[in-house]
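Residues take their numbers from the sequence shown, with the count starting at 1.
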Amino acid sequence: MKFSPLAVLAATCVSPVVGEFYFKENFNDDGWTSRWTESSTWKPKAEMGTWKHTAGEWYGDADDKGIQTSEDARFYGLSAKLDKPFVSGDKPLVIQYTVKHEQNLDCGGAYIKLLPGGDKFDAAAFGGDTPYAVMFGPDVCGTSNKKTHVIFHYDKKNDNLLVKKEVSTETDDLTHLYTLVLNPDNTFQVLIDNKSVRKGSLDEHFDFLPPKQIKDPDAKKPDDWVDKARIPDPEDKKPEGWDDIPAEIPDPDAKKPDDWDDEDDGAWEAPMIDNPDYKGEWKPKMIDNPDYKGKWEHPMIDNPDYKYDEEMYKVCKDGCTHVGFEIWQVKTGTLFDDIIVTDSLEEAEKYAEETFFKKKDGEKKMYDEHMEKQRATDAAMDDDYMGDMGDFDMDGMMGDEF
């Protein structure tokens with residue numbers, strides 16, 4: 001069989017199938033404010049913080065900016081419409097973005113939400129009560145609550161399902177990359193800095209489904225079931241005179257004071273002390289129960305209500321149309337950047353190489369230099385303080401009388 005040169009050229013030029021981007025935001029232009037809407041009616045204006053367009057205090061590229069929280073103890077609400085609705089189907093859902101805590105975060109969220117709503121989505125009112133399909137990203141409050149949220153909405157339960165095994169998070173001052181993958185085979189994966197930190201099946205890690213087995217409702221513990229492992233020894237008898245021993249006795253070493261007057265002070269009585277011979281309430285010794293049958297376990301049966309759902313992953317079955325942040329921060333300074341929603345992990349990894357990994361080393365170098373200068377400044381201030389203390393005139397302060 002012969003092929004024409006044109007056919008051969010066409011065959012060799014066929015490009016591989018690539019994923020599709022439904023949203024891409026790098027904040028590298030002042031027009032970002034026209035693409036995003038602040039939540040103006042969610043909370044009173046005095047409780048809402050403002051966003052700052054900046055690369056931060058340390059960065060890999062001064063011209064590569066993100067958006068940063070800028071006021072302490074404030075709520076922050078912001079949302080944007082996807083370029084195209086994402087509808088759950090035969091491709092993965094991939095959400096990826098970067099987070100940098102420049103403020104040594106003590107309490108605050110940094111998670112992103114993927115939202116339904118379409119043309120009815122109320123961007124001005126977007127807040128904590130707005131229905132969402134996915135909530136994903138870091139949340140820190142105190143030393144014990146440090147995690148990455150992974151929450152999926154499940155229409156069949158009308159509930160938001162939290163991942164059962166806690167997912168770690170990063171809490172240092174540098175930028176980190178957060179990636180969530182939700183696959184059509186009902187599996188998920190969370191990656192931080194392109195390293196997998198949690199993955200598995202949806203039915204194992206979330207409460208999408210009822211349990212496969214339940215306790216048999218018709219079974220009950222037999223009335224004659226003996227579940228006491230130890231019993232009082234029936235042969236053990238209380239010694240004679242046990243109850244005649246008092247708990248307290250007069251102190252035999254106590255003496256009546258020489259100045260004690262029985263007429264004025266009354267009859268003298270020695271103070272009471274614990275009786276060293278008192279053994280407390282008598283109890284028979286315990287022995288192994290010869291009739292013990294062990295702990296009764298309720299028999300399990302297959303749950304008649306259990307049914308596997310092939311569409312657990314379809315959190316955007318009717319289409320997701322927006323992304324947004326609705327967070328509270330006590331100490332401000334978290335910077336967000338390079339947000340994408342796509343249907344290809346390969347495309348997300350490629351985008352990460354072009355953004356996060358390209359800037360990563362430069363940011364770390366600038367951060368290390370910043371911290372070295374900070375340590376030098378702190379050391380100089382300590383030296384100045386000690387020098388001032390050395391010049392302090394203690395004699396003058398204490399006065400001539402000392």
Considering only distance and modelled atom types, tabulate donor-acceptor pairs under 3.5 Å from the side chains of residues 220-227, sequence neighbours left out.
from	atom 1	to	atom 2	distance (Å)
Lys221	NZ	Asp227	OD2	2.8
Trp225	NE1	Gly294	O	3.0

In a table with atom names and distances, give each donor-acceptor pair under 3.5 Å that connects a side chain of residues 207-216 to protein atoms at least two apart or in another chain.
from	atom 1	to	atom 2	distance (Å)
Asp207	OD1	Lys164	NZ	3.4
Gln213	NE2	Asp302	OD1	3.4
Asp216	OD1	Asp218	N	3.0

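When each of Ile340, Asp338, Ile339 is checked for a side-chain contact (heavy atoms from CB on, under 4.5 Å) with Asn26, only Asp338 meets the rule. Paired with His176 under the rule side chain to side chain donor-acceptor pair (under 3.5 Å), one option of Asp193, Thr148, Thr98, Thr171 passes, and it is Asp193. Shown are Phe336, Tyr76, Phe136; of these, the ring pair (Phe, Tyr, Trp, His ring centres under 6.0 Å) with Phe325 is made only by Phe336.
Aromatic rings of Phe152 and Phe206 (six-membered ring for Trp) have centroids within the 6.0 Å cut-off, being under it.
With hydrogens and angles left out, the side-chain atoms of Thr130 and Glu326 include no donor and acceptor closer than 3.5 Å. Neither side chain, Asp83 nor Tyr22, offers a donor N or O lying under 3.5 Å from an acceptor on the other. Under 3.5 Å, the side chains of Tyr313 and Asn183 contain no donor-acceptor pair of N or O atoms. Side-chain contact, Ser79 with His322: no donor N or O sits under 3.5 Å from an acceptor N or O. Defined by atom type and a distance below 3.5 Å, a donor-acceptor pair is missing between the side-chain atoms of Ser344 and Glu20. Side chain to side chain, Tyr308 and Asn186 meet the donor-acceptor criterion of an N or O pair below 3.5 Å. Looking only at atom types and distance, the side chain of His370 has no donor-acceptor partner in the side chain of Asp368 under 3.5 Å away. No side-chain donor from either of Thr332 and Glu71 sits under 3.5 Å from a side-chain acceptor of the other. Counted by atom type alone, Ser70 and Thr50 present one or more donor-acceptor pairs between their side chains at under 3.5 Å. Side-chain contact of Glu102 with Gln68: a donor-acceptor pair under 3.5 Å is present, judged by distance alone.
Pairs of residues two or more places apart, or lying in two chains, that qualify as disulfide bond (SG atoms under 2.5 Å apart) and include a residue from residues 320-355 are Cys316-Cys320. For residues 202-234, no residue pair satisfies the disulfide bond (SG atoms under 2.5 Å apart) rule, not counting sequence neighbours. Counting only residues at least two apart or in different chains, side-chain hydrogen bond (donor to acceptor under 3.5 Å, both in side chains) contacts with residues 57-67 comprise Asp64-Lys359. Here disulfide bond (SG atoms under 2.5 Å apart) pairs that include residues 120-181, with residues two or more places apart or in two chains, are Cys107-Cys141. Applying the disulfide bond (SG atoms under 2.5 Å apart) test to residues at least two apart or on different chains, none of the pairs has a partner in residues 33-63.
Residues that satisfy the salt bridge (charged side-chain N to carboxylate O under 4.0 Å, His left out) test with Arg230, not counting sequence neighbours, are Asp288. Not counting sequence neighbours, Tyr178 has no partner by the ring-ring contact (aromatic ring centres under 6.0 Å, His included) test. Take Asp309 and apply the salt bridge (charged side-chain N to carboxylate O under 4.0 Å, His left out) test, not counting sequence neighbours, and it matches Lys156. Glu38 pairs by the salt bridge (charged side-chain N to carboxylate O under 4.0 Å, His left out) definition with nothing, not counting sequence neighbours. Scored by the salt bridge (charged side-chain N to carboxylate O under 4.0 Å, His left out) test, Asp243 finds Lys238 as partners (sequence neighbours excluded).
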- Message: Walk me through whether Trp42 and Phe75 qualify under ring-ring contact (aromatic ring centres under 6.0 Å, His included).
- Response: CA-CA 9 Å; Trp42 172 34; Phe75 291 96; 5.4 Å; yes
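Here the closest non-hydrogen pair linking Thr69 and Trp51 is CG2-CZ3, 4.0 Å.
Judged by the 6.0 Å and 45° rule, Lys157 forms no cation-pi pair with Tyr154.
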